[in-house]
**Q** 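Below is one structure. I have some questions about it.
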2 protein chains.
Amino acid sequence: MASQSRTKSPTIRDVAAEAGVSHQTVSRVINKSPNVKVALRQKVQTAIDRLGYVPNIAARRMGGNRSYLILAINDRARTIDNWGVGRGNDWVDQMLFGGMMECEKNGFRMIFDLVETENPAAEKQLSAALSSLRPDGVILTPPHSENQHLADLLIANGTPFARIGSSNKNDGINIVMDDRAAAHAATQSLLDLGHRKVAFIAGSPDYLASSSRLAGYRSAMAQASSSIHADWEQPGDFSFASGAEAADRLFHSESRPTAILASNDEMAFAVLHQAAKFGISVPEELSVISFDDTPGVRFSVPPLTAIRQPIAAMARRAASELIDRKIDIQKGIQITLPFELITRSTTGSAPQ
Amino acid sequence: MASQSRTKSPTIRDVAAEAGVSHQTVSRVINKSPNVKVALRQKVQTAIDRLGYVPNIAARRMGGNRSYLILAINDRARTIDNWGVGRGNDWVDQMLFGGMMECEKNGFRMIFDLVETENPAAEKQLSAALSSLRPDGVILTPPHSENQHLADLLIANGTPFARIGSSNKNDGINIVMDDRAAAHAATQSLLDLGHRKVAFIAGSPDYLASSSRLAGYRSAMAQASSSIHADWEQPGDFSFASGAEAADRLFHSESRPTAILASNDEMAFAVLHQAAKFGISVPEELSVISFDDTPGVRFSVPPLTAIRQPIAAMARRAASELIDRKIDIQKGIQITLPFELITRSTTGSAPQ
DNA sequence: CAAAAAAATGTGACCGTTCACATTTTGCTG
DNA sequence: CAGCAAAATGTGAACGGTCACATTTTTTTG
């Protein structure tokens, strides 16, 4: 009944026999060892091609001390809503793409683990995954990149790791976008369009990025030396609801802003939503810029001008660094990737 | 320099020594063999807990004929745009969630492979993945679920597989939403609101779902016995651009529809976009329903009424069936999962 | 209650790689 | 061109599970 007998794939010894060499020589060819003569290498390669040999990843892990696996830890909370509410985790597919391409290029595989944000068993879950998979590297994405317990566990275990979207850490590989500079640039672009009343909706304080973005906004505003209104800095938590509330407060403010910088796309969507309700036209009466540039933004009406967070590029870089693994995880490495301001249709000159 | 020595995880033999039994007994406990006395089982379990033992997945694969791996084949084309254009693959994260939860529950892991749609090397890529990973099951997602070459390869290899979003196949496990019924229901809901001029924007003909949806639309319209205008059936290919073009044609049509059923969210977004341009208010002058209900839809203005495609549930079911593997892949199994019509704000009574 | 059957437990080989080390071949030096 | 170092290739063990089968214990049966 169940599955019929699996076709037997050729082994390294089949290739060795076919090429008339020892199995170890085949291994050397696979692993690009420099100490194989060209003639032999070619003979082996021919045999590999003829037999369609592909090394078995499980056996490689058994024999050597590498697994050719990169483990990506993502937030379950961001994804779980898909079940009911239909909230997407735009990180996952970009992670997948950026990280996976890099892995594939190097004969690695990427495996995901979804860990609940506030789960006290998170360490246990990671620990089990390490034992079971013995990955060559682990990528931590927000908010897990802020969880030092996980990092400590990885250090104790001797597994190299990279954090995405977190910096100022003195261990592991830390890959970030320059949030401060990005927020500054976005704010400046609004100032350059003649806006003087520029508001900011902050992200959840749990994320380091939130304070960096706020700092960038403040520095640009301070430089502009225009009068700053306290109401223009609104709290938020990255949710649609919090964005809508912030927008309400701003629209009711006695000094209503003509431009709003929102700390993520979802809150920017909420701003557009509320603007429509208030009969405020975008971009004629109000300009909006958001952070992240997740895939959905180009379908908003009007399409959002946004700071693109290079998630795929960050994941790719994380994978690449882990695969190279010339790294001493005990001391931290900081890598900053460039941001990009994508101008679409929610920004325009300040109203007269 | 490189990674420091990895902490040695306990092995099955460490547990055996700790519990004072043979390694095979430990193996039996792990695998829930019924033939272990309760007293012994408990002694072993205690030792497992004390040592924090977790079986090494690679070793399990080497010894036995299972890998505890499910391979999910996704479309690279849908994802590759992330790099440049920022187009999301809403399948991936839902697949990930639905399938992965099920895998995790059973001690399995899910691995993704991104395969280009039109790539002639697709079979080679799958073949390599099979050799390398030896997965216990493979999940094919659109458009790969329509590629019989891949299915044949899997059958020849003896690897069970499930197709998502494809039916009428006589091999493998086939999991679908009832597209015809869903399209019928959506169309009917518009007719029930008093609409008589109901248009349809079709999806790419490469997908079986496209024709099913068209059929459902036609059957509902036929039943309504209202006069049907040829212009109301517009071609499309699931892209924003094709949706915008279809909308343009419909809005210029001499018998402009008061309701439009679009075959996916992206084309529905395009309809909203064009409606705004034409100054057509939604839902007062035009009702819109879309297919898929991908995460972004609730941020459209106004939020889209949509048929939810239960992607996560389908992935979960696929994984579940493959893990149970009581299946004879030679003969096909058809599984239909329920759809759901999510009413949001793009639908309303027909204008007078 | 002895003999046979069934259930519980144990033993050693094996999966397909890489590793450590042994051996052979090649290249270099004086 | 002997003698030795370095490069190229080969050999067998080991990784950590499961499998097939052997052995021991318990239960059933006539």
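Given the structure is predicted, the values throughout are model-derived calculations rather than measurements. The figures that follow rest on heavy atoms only: side chains count, while hydrogens, waters and symmetry mates do not. Order of the sequence lines fixes the chain letters, A, B, ..., with proteins taken first and strands second; residue numbering starts at 1 for each chain.
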**Q** Between dC15(D) atom P and Ile12(B) atom CD1, what is the distance in whole Å?
**A** 15 Å
**Q** So if I take every side-chain heavy atom of Met62(B) and compare against dG16(C), dG10(C), dG17(D), which nucleotide ends up nearest?
**A**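 Of the candidates, dG16(C) comes closest.
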**Q** Under 3.5 Å, is there an N or O donor on one side and an acceptor on the other linking the side chain of Arg13(B) and the base of dG17(D)?
**A**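 Such a pair exists between side chain and base.
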**Q** Among the candidates dT9(D), dA20(D), dA20(C), find the nucleotide nearest to the side-chain atoms of Val36(A).
**A** dT9(D)
**Q** Check whether any side-chain nitrogen or oxygen of Ser27(A) sits under 4.0 Å from OP1 or OP2 of dT17(C), and answer yes or no.
**A** no
**Q** Any base atoms under 4.0 Å from Tyr53(B), or only sugar-phosphate, or nothing? Heavy atoms, all strands.
**A** sugar-phosphate
**Q** Using a heavy-atom cut-off of 4.0 Å across all strands, would you classify Gly63(A) as base, sugar-phosphate, or nothing?
**A** base
**Q** Let me know the distance between CG of Asn31(B) and P of dT9(C), rounded to the nearest Å.
**A**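 Distance check: Asn31(B) CG to dT9(C) P gives 16 Å.
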**Q** It should be established whether Asn65(B) places a side-chain nitrogen or oxygen under 4.0 Å from OP1 or OP2 of nucleotide dC15(C).
**A**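 Asn65(B) to dC15(C) OP1/OP2: no side-chain N or O under 4.0 Å.
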**Q** dT9(D) phosphate, OP1 or OP2: any side-chain N/O from Asn35(A) under 4.0 angstrom?
**A** no
**Q** Expressed in angstrom and rounded to an integer, what is the separation of Ile48(B) atom CD1 from dG16(D) atom P?
**A**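 My rounded result for the distance is 16 Å.
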**Q** Mind calculating the distance between CZ (Arg134(A)) and P (dG17(D)) to the nearest angstrom?
**A**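 Going from CZ in Arg134(A) over to P in dG17(D) covers 10 Å.
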**Q** Whole Å only: how far is the CG atom of Leu40(A) from the P atom of dT25(C)?
**A** 13 Å
**Q** Taking side chain as C-beta onward, heavy atoms only, is Leu40(A) less than 4.5 Å from Val29(A)?
**A**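 No. Closest side-chain heavy atoms not under 4.5 Å.
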**Q** May I ask you to say whether Asp171(A) pairs ionically with Arg163(A), meaning some side-chain N is under 4.0 Å from a carboxylate O?
**A** yes
**Q** Among Leu71(A), Val138(A), Asn174(A), Ile139(A), which residue meets the side chain to side chain contact (heavy atoms under 4.5 Å, CB included) test with Phe161(A)?
**A** Val138(A)
**Q** Go through dT17(C), dG10(C), dG10(D) for me and flag the one nearest to the Thr11(A) side chain.
**A**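 Closest nucleotide to the Thr11(A) side chain: dT17(C).
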**Q** Nearest to the side chain of Arg60(A), heavy atoms from C-beta on, is which of dG10(D), dT18(C), dT18(D)?
**A** dT18(C)
**Q** Please work out if Ile30(A) contacts a base, only the sugar-phosphate, or nothing of the nucleic acid, heavy-atom cut-off 4.0 Å.
**A**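 If one applies the 4.0 Å heavy-atom cut-off, Ile30(A) turns out to touch nothing in the nucleic acid.
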**Q** Given dT11(D), dT9(D), dT26(D), which nucleotide is nearest the side-chain atoms of Lys37(B)?
**A** dT26(D)
**Q** Would you kindly say whether Glu123(B) and Asn147(B) are connected by a side-chain donor-acceptor distance under 3.5 Å?
**A**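 Judged by distance alone, the side chains do not pair up.
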**Q** Ignoring hydrogens and geometry beyond distance, is a side-chain donor-acceptor pair present between Ser9(A) and Arg134(B) at under 3.5 Å?
**A** yes
**Q** Hey, which sits more toward the 5' end of DNA chain D by its nearest nucleotide, Thr25(A) or His23(B)?
**A**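 Its nucleotide being nearer the 5' end, the pick is Thr25(A).
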**Q** From CZ of Arg41(A) over to C1' of dA7(D), roughly how many Å is that when rounded to an integer?
**A** 13 Å
**Q** Without decimals, in angstroms, what is the distance between Gln24(A) CD and dC19(C) C1'?
**A**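 Going from CD in Gln24(A) over to C1' in dC19(C) covers 8 Å.
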**Q** Between P on dG16(C) and CG on Asp14(A), what's the gap in Å once rounded to a whole number?
**A** 8 Å
**Q** Both Arg61(B) and Ser22(B) contact DNA chain C. Which one's nearest nucleotide lies toward the 5' end?
**A** Ser22(B)
**Q** Select base, sugar-phosphate, or nothing to describe what Ile57(B) touches, counting heavy atoms under 4.0 Å on all strands.
**A**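 Result for Ile57(B) = nothing.
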**Q** Between the base of dG10(C) and the side chain of Arg28(B), is one N or O donor paired with an acceptor at under 3.5 angstrom?
**A**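 Yes.
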**Q** Quick check for you: to the nearest 0.5 Å, what is the distance between Ile323(A) atom CD1 and Arg66(A) atom CZ?
**A**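 Rounded to the nearest 0.5 Å, the CD1-CZ separation comes to 9.0 Å.
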**Q** Compare the minimum distances between each of dG10(D), dG16(C), dT11(C) and the side chain of Ala59(A), then state the nucleotide with the smallest one.
**A** dG16(C)
